[in-house]
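Start at 1 with the first residue, then count along the sequence.
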Amino acid sequence: MAKKTSARKGSENVRLIAFLIVCLMLLQVAPITGADEQVSGRAEVMDPNLREAVEDRYTDEVFEVIMTFDHRPTKNDYRMVRDLDVDIVQKFTVIDGAFIRADRTEVMELSRLPGIKRLTLNIELQYELYETTKVIKTTEAWTRLLVDRYGETIRDAQGDPTYMKGQGVGIAVVDTGVDAGHPDFDYGSKTPINLKRIGAGQWQEEENADTSSGHGTHCAGIATGNGDAAGGRMAGVAPDATLIGLGVGDGLSIYYGLEAIEWVYQNTRPNANEYNIRVVSCSWGSAGNEYDPEGPITDAVQRLAWENNVVTIFAAGNAGGDGSTIETNPYSNIPVAIGVAAINRDGQNMAEFSSRGDKTKKETWPDITAPGGIIWAAAGRHTAIDYSQRASDQDVYYMEISGTSMATPHIAGVAGLLFQACPSMDMTYIHDDFSGSTNDSWYSNDMTKIHECELIMEITATYLTSGEGIPGNGSMGAFNKPHDWVQGYGLVNVEHAVGLALTLQEMRTRDMDHDGKMDLMDIDVWDALVEYQKAMQTNFTTGYTDTLFSSWTGDWGNMRDRTITGAFYDTEQSHYAFIPNGTEQVRIEFIFQQLNLQRNTAADLELQGDTDGDGNSDITPSTSIEGTKEYIVDVDPSMVGHEWEFWVDGTAWGYDPLDEFPEPIVPWWVHIVAVMDESSHPVFEYTENRSDLAQWDFGLPSNDYDGNGSVTMLRTKYNMELVEDKVTIINKVDEGEDTPWGLIILLLIILLVVGLIIGRTLGAKKNEAAVVEPVEVVEDTPPTATPAQEPPEGG
């Protein structure tokens, strides 16, 4: 009995100690509470918006909150929530939590429950392009450092790191036309040629070739827009790519479409491709059906791919379907083309309108999926869509519309990134997926093969197994990867696709015997697949400097609509910079174009900066001269560890009596330097990626740098130094020379004699005693992906 009493006391002591530890931990948590009340909450589990909302202890507002746990919630978890009288509106499966309604006291009590990870206030959102580029991991691909095979960061002519944003690749948009006067398209530079069809085989150069619909401008913005009118916020998938606009007008026919593809074909011939056009975006088609192998569009698209190495992207269509019939655009089913289905902008549920293929015919299924629901991108002004949207969108430069038309340029932009990463991409020996009865004729026909660009996207895609409209049937495709009649191979994953393309190019172009020739040009995607994830590295990088540097640019305009409401429009241009711990000073240079006689504009602009999150600007220029303003901000500890918001304000004048919008468009540039306390060797670990967030790189040392300190950043990289050579170099015999059989036979005889001698020696020692030291055997770690030597047919 005494032992039981002792054990009980020991157990009680343990519980007491545990209780005291919990109490001590709670003392370390910053509470949110009123002076006249007992209920308090844990601030660190509330998002800033909710934290600010509940600080008013007199409010009786009921808040809409997204509640998440740090584990998969159980019935007991939800019982504890209900015990607080919290209204659980909807439980989610995609996240570990629910949508709830609760008053201030209930929020406080809820925050103290065990296992609560985050309470997020439900605020109204604007559905924008910058969200979809993040959904498909484009922003992650943009911000990875490129490291060459020698371990050196790849840099441009100015010494800045090079990033994968489509530079040097041309993307042709065949559509209603492009308003290249839009700030996001930089007519004359980014858009060197912008054509409008004016007759049979006749094209006319126009700054604005999209004067009636606006559809083409929107698609062009998704693929290649640089986001300048929004300070980079609305950048398309390949913002540094070259845009070629081919406007065929609203009354598109097979004939007009064929004319546009014909123009692309004629202007992309080998050694005569002035704009390095590698991709054609076609957000158009006809009623659902199987493709016609003999059709004119089929022939044109096949010739583009096989002869000129140009990939064509087609929308799957907006006819929906249930899988019992073919609803996909027949042009999207051309094997060498890439057919694109649409998912909602959050990447969770398939768009109801996205055309489905026939369940029983794989050749009618989409190839890949990208966001197409409620997409914000460039607005073509003077157009029907612009007029209808402007009243609700309240933005003259951007608008939101939905369709597989919007998903298609996402994939066109991805293709542009892949061609920058791997210019050697070409046709494969892999055939498109097929489930018909004429297998022999399908697989013996070269025209049913797919391009490496498509193969890379499909093999790295994220196949979705849950969500609205997703069957998740998991039928196995060409690469032993699941696909289905709704999403194809799944949601494109740009970060991994670019990594695989870079690795493929790296392996193909290595000169391992230093003879000036590429040794491994026969390397294919399967070889690179084994290696590419090694190159996707995240580690700390140290710079022997005391500064970090970043920059961004935009076009400012504040304009009056003279034809509809007379209202002024001012596009959101906020850009953010995370200021790391250890920052002592922030130096900013803001440059803008004061006078532009060509456009008849004059401007006086100023950069505004909110350093404490209160919505007000806290910076003022220290110097100002001829379109350049400098700001020096001394940083105290309260100003670090969070994002600062920057925006452009000011006044501009412009005169154009014929234009609908008097647009004093003013280009501006921001260069920002964070001066660090390098003596403390600060470590910067913030890796959030957004198109409206500054990307820090190591800057030049300041005048005060003594050469002893350093700054360390956690960086993601595409590190080609980690890619191994998997193919042994064989000294090939030149064509026309006889095979040296005599030498080969002599070598075989020598090997045979050596083998006999070794065998006799081992036999003589067979009975001798020997002491064997233990040997540690280390097995090689198998690669993350090991495809079959001969992948199965289909694709």
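The closest side-chain heavy-atom distance from Phe419 to Val311 is below 4.5 Å. With a 4.5 Å cut-off on side-chain heavy atoms, Ile456 and Leu418 count as touching. In this structure, Lys134 and Asn689 have side chains that are in contact, with non-hydrogen atoms separated by less than 4.5 Å. The side-chain heavy atoms of Thr716 and Glu140, taken from C-beta on, include no pair separated by under 4.5 Å.
Aromatic ring orientation, Phe69 versus Tyr78: perpendicular (interplanar angle above 60°, classes split at 30° and 60°).
With rounding to the nearest 0.5 angstrom, the SG atom of Cys282 is 8.0 Å from the CD1 atom of Ile297.
Few gaps surround CD on Glu307; more than 12 heavy atoms of other groups in view lie less than 6.0 Å from it. When the shell of 6.0 Å around CD of Glu262 is examined, it contains more than 12 heavy atoms from other residues, nucleotides or ligands.
His496 and Tyr532 have their aromatic ring centers within a separation under 6.0 angstrom. For His431 and Trp442, the distance between ring centers is not under 6.0 angstrom.
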Stepwise side-chain hydrogen bond (donor to acceptor under 3.5 Å, both in side chains) test for Tyr489 and Asp484: CA-CA 7 Å; Tyr489 282 90; Asp484 61 47; over 6 Å; no

Verdict with reasoning, Lys481 to Glu458, per salt bridge (charged side-chain N to carboxylate O under 4.0 Å, His left out): CA-CA 9 Å; Lys481 288 202 63 176; Glu458 292 174 348; over 6 Å; no

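At a cut-off of 3.5 Å, with distance as the only test, no side-chain donor of Thr364 or Asp358 sits close to an acceptor on the other residue.
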